Amino acid sequence: MEAQYDPKKVEDKIYQLWSESGFFNPDNLPDLANGKKRTKPYCIIMPPPNANEALHLGHALMTTLEDILIRYRRLRGDITLWLPGADHAGFETQVVFEKKLEKEGKSRFQFDRETLYQMIWDYVQQNKDVAQNQLKRLGASCDWSRNKFTLDPDIIKIVYQTFEKLYNEGLVYRGLRIINWCPKHQTGLSDLEVKYEDREDKLWYIKYPLVGDKDKFIEVATTRPETMLGDTAVAVNPEDARYKKLVGQKVLLPLVNREIPILVDDAVELEFGTGAVKVTPAHDATDFEIGQRHKLETIVVIGQDDKMTTVAGTPYAGLKIVEARQKIVQDLEAQGFLIKEEPYRHSVGVCYKCGRVIEPMVSEQWFVRIKPLAERAVEAIKKGEVKFVSEKYEKIFQHWMANIRDWNISRQIVWGIKIPVWYKTSVGSKMEAVHFNEKILCAKLGLKNEAEFDQFSNGFGFDDRNIQWASGRKGEILLYVGYIDLLKSKGYFDEYWVEQNRTDKNLSESEFRIGEKPPEPIGWYQKPDTFDTWFSSGQWPFATLQTTKAGDFERFYPTAVMETGWDILFFWVARMIMMGFYATGQEPFRQIYMHGLIRDKDKKKMSKSKGNVVNPLAVVDENGADALRMALVFNAASDSDLPFGEDKVVAQKRFANKIWNAARFSLLSLEDFNEKAKTKFTAADEAILKELEETAQKITKDLDSFNFHEAAQSAYHFFWHSFCDKCIEDVKERIKEPVSAEDKATAQYVLWKVLGDSLKLLHPFMPFITEEIYQSLPEKKRPALMVEEWPC
RNA sequence: GGACGGUUAGCUCAGCGGCAGAGCAUUGCGCUUACAUCGCAAGGGUCGCAGGUUCAAAUCCUGCACCGUCCACCA
């Protein structure tokens, strides 16, 4: 052995040894040393890393903690399965990919759906392998034969089954509801995907004159005057004495001259602004709810492209939001409706990815009726069927669950699992065809009029039998879907465009069916929408186990523990609990351990833009995987923030070297070792053996209660300051210059025993170096340390 | 507007009712045949502030201050 430990010469070799042993696979685990069979299944489903990027330190921490648990339980004699996977990470990945396109001067909207999907697919495929190899470098003892990807066909099938079950039981519905729309990414987002930022803004006070009495008016305050074009009411608090007389009367909406009612609603606060609120159901979540309660009309004045719609009327139609706001304020002022404006600080919802202001918008989406699912999850936590290791998360969880709102699970992005819903293409028409506005369609194709369009179509072999001038729908064109496909393939437009510009939406969508395939070969159309990634990820624990190997689900579900970062408590953990109970009737895991978020040494969040991201693999190259793992776990006590500094890794690199040299000395001293030759222990022997036992018990207790850092520190201190500083110094003399053969043999036994057990205790934390040493240990009992037996 | 967490050695953090701890950094002495990526030793803290409970409090309770985080339909 060399005087210095070189991880590079050891780690790959050892990982290969493990791989070839087959011991990562629970079906190949050997019986225990005394012939006892393993009986207790222990399973962890790995939170699948996003397939769009290389691993970061958070992954390294996750891998370390989970590998510690798995290796520990394997040594304890359990049938251990750590199931790895990769996540397509829908929106996240598409955002990353769009940025990549932007750098290349391209836009997602240049590509049709199939092409874009394929491009992302190829991109992700490369990264999946990178991430896998990185997990191996970290020593992850997961069963690669059961590796799953969230877009595996069998996983998708299960996601569809769950969706259908939810639909059939009335827990998923299609609704025209107010959603969070990101104008940049052109998709709806769930409430969780909206972040709030404080902004310096203005509050405008506007007069709404009473109908029948132009001199009287009610005063409203708003931060978004442009939405007034879509106002359909003014609301006041039912207790508000100021407005009691006005309730039930009507006001004339300025600029628009629409008569709208004054009504009462509890959502209005007495103290705020003037106490009277303009109600715009189409563009504000609260207003939408008020609108629902009072059956108000929803008037859409802002489009998905962030511009005022034609409904907004001249001169505002077509203006960007900010432009419209300016103009409306000017017009109000000119016509004497503006009372005042004052600076105002409030928080504004923005897209958590791009920071663009979220536009609340009425849109038709799929929602999960979440309350019934949440109730079961709340109960499970209360009854302890699922336990948070750290109680503080229990409160946070329950609070969130108590206030949960229906979950929008449809997204207007391509990268994901298509929502398995088929809409009838054209109700009342025998043909499968879609309506378009004649002018818009011609403009899109670069044509002037219908005559040109006719000619254009004939060029493709389509005649009047296939292209029907809309019968009874003036100014519209009905296009045969085969022809649409042809035009799409020629690049004239893409599916988004079709979706956004077809004029028969409401008509054609009045009939739909759930299913992977259309109910009939023709006459059905699938929207390009996909599921929120978390809708499928929420099913991950059972979807994986139901599709790996026969019997896996029965054997390993519910799984033992879910270990993940606290930042995805709501996104993922909560959804897994809800959907796990819903789909299987059982909890997906019994315990939840949340690790902290790794910050840089100055406690700053690591991000690419700050340039403070630490690449775990570079750290491994420099110091070895064991050192990184030990450094991470040594300091993993906090469950919120974990500052990471290279000095911590260096300290553990030194520890690895210490282990190496202690072993080097021990192995040299054990060349003529005979386990059975020991006789009488000295007092020092008994002391160290007792301390070994106590340390083993403490580590066991700490690992059982997820006190990883305590366990790691105990192992560290015992090895360094008891075994190295005392035990080795003690036996050194007795072996080198023995007083008797018996005492030498006893000293050797103590050395062998303490070293051997220390290796076992350290193995979950530092698997490579301990395994490497174990392979040279005399009188070893097992083919590998990873399938040894825990010393207590 | 709610809820939660933190405040301990120069730095990063453990400890959470019973003599103040670790790693890094600092200082001194040691290249003794496992290890200089080391060993031995040393310095350094009225454990945020103010009360209270207790034989005993960094540790429990109350209030305050300062940081930080999460949630929320602030027009």
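Residue numbers start from 1 in every chain, and the chains themselves are labelled A, B, ... in the order their sequence lines are given, proteins ahead of strands. Please read these numbers as outputs of a predicted model, since none were measured by experiment.
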- Taking the side chain as every heavy atom from C-beta outward, state whether A/T564 and A/W572 have any atom pair closer than 4.5 Å. yes
Mind jotting down which residue pairs meet the salt bridge (charged side-chain N to carboxylate O under 4.0 Å, His left out) criterion with at least one end in [range]? Sequence neighbours excluded, please.
range	value
residues 651-664 of chain A	none
residues 762-778 of chain A	A/K13-A/E772
residues 699-725 of chain A	A/R73-A/D704, A/R76-A/D704, A/K698-A/D702, A/K698-A/E710
residues 261-285 of chain A	A/D231-A/K278, A/D265-A/R293

With sequence neighbours left out, write down each residue that passes salt bridge (charged side-chain N to carboxylate O under 4.0 Å, His left out) with [X], or none if nothing qualifies.
X	answer
A/R369	none
A/D672	A/K744
A/D757	A/K753, A/K760
A/E779	none

- Would you say B/C4 has OP1 or OP2 under 4.0 Å from some side-chain N or O of A/H399? no
- Look at A/K658 and B/G39 and indicate whether a side-chain polar atom (N or O) is within less than 4.0 Å of OP1 or OP2. yes
Counting any heavy atom closer than 4.0 Å, what does [X] reach on the DNA or RNA strands: base, sugar-phosphate only, or nothing?
X	result
A/F644	nothing
A/E271	nothing
A/D725	sugar-phosphate
A/K648	sugar-phosphate
A/S669	nothing
A/V268	base
A/A285	nothing
A/N657	base

With rounding to the closest Å, how many angstrom separate the [atom1] atoms on [N] and [M]?
N	M	atom1	result
B/G18	B/G30	P	41 Å
B/G44	B/C71	P	46 Å
B/C19	B/G39	C1'	28 Å
B/C29	B/C66	P	48 Å
B/A50	B/A65	C1'	11 Å
B/C74	B/G5	C1'	25 Å

Output the single nucleotide from [options] whose closest atom is nearest the side chain of [X].
X	options	answer
A/F272	B/C71, B/U37, B/C74	B/C74
A/A651	B/G23, B/U37, B/A75	B/G23
A/L192	B/U69, B/A75, B/C71	B/C71

- Message: Please give me every residue in residues 625-633 of chain A whose heavy atoms get under 4.0 Å of an atom in RNA chain B, ordered by residue number.
- Response: none
Check: protein-nucleotides 15-21 of chain B nitrogen or oxygen pairs below 3.5 Å:
none

Heteroatom pairs (N/O) under 3.5 angstrom, protein to nucleotides 25-30 of chain B:
none

- Message: Walk me through whether A/E341 and A/W204 qualify under side-chain hydrogen bond (donor to acceptor under 3.5 Å, both in side chains).
- Response: CA-CA 4 Å; A/E341 62 177 55; A/W204 285 274; 2.9 Å; yes
- Task: Can you tell me which stems involve RNA chain B, if a stem is defined as three or more consecutive Watson-Crick or G-U wobble pairs, both distances under 3.5 Å?
- Result: B:1-7 with B:65-71, B:10-13 with B:21-24, B:26-30 with B:38-42, B:48-52 with B:60-64
- salt_bridge(A/K207, A/E219) N-O dist < 4.0 Å: no
- Return the value, rounded to whole Å, for the distance between atom NZ of A/K732 and atom P of B/A34. 5 Å
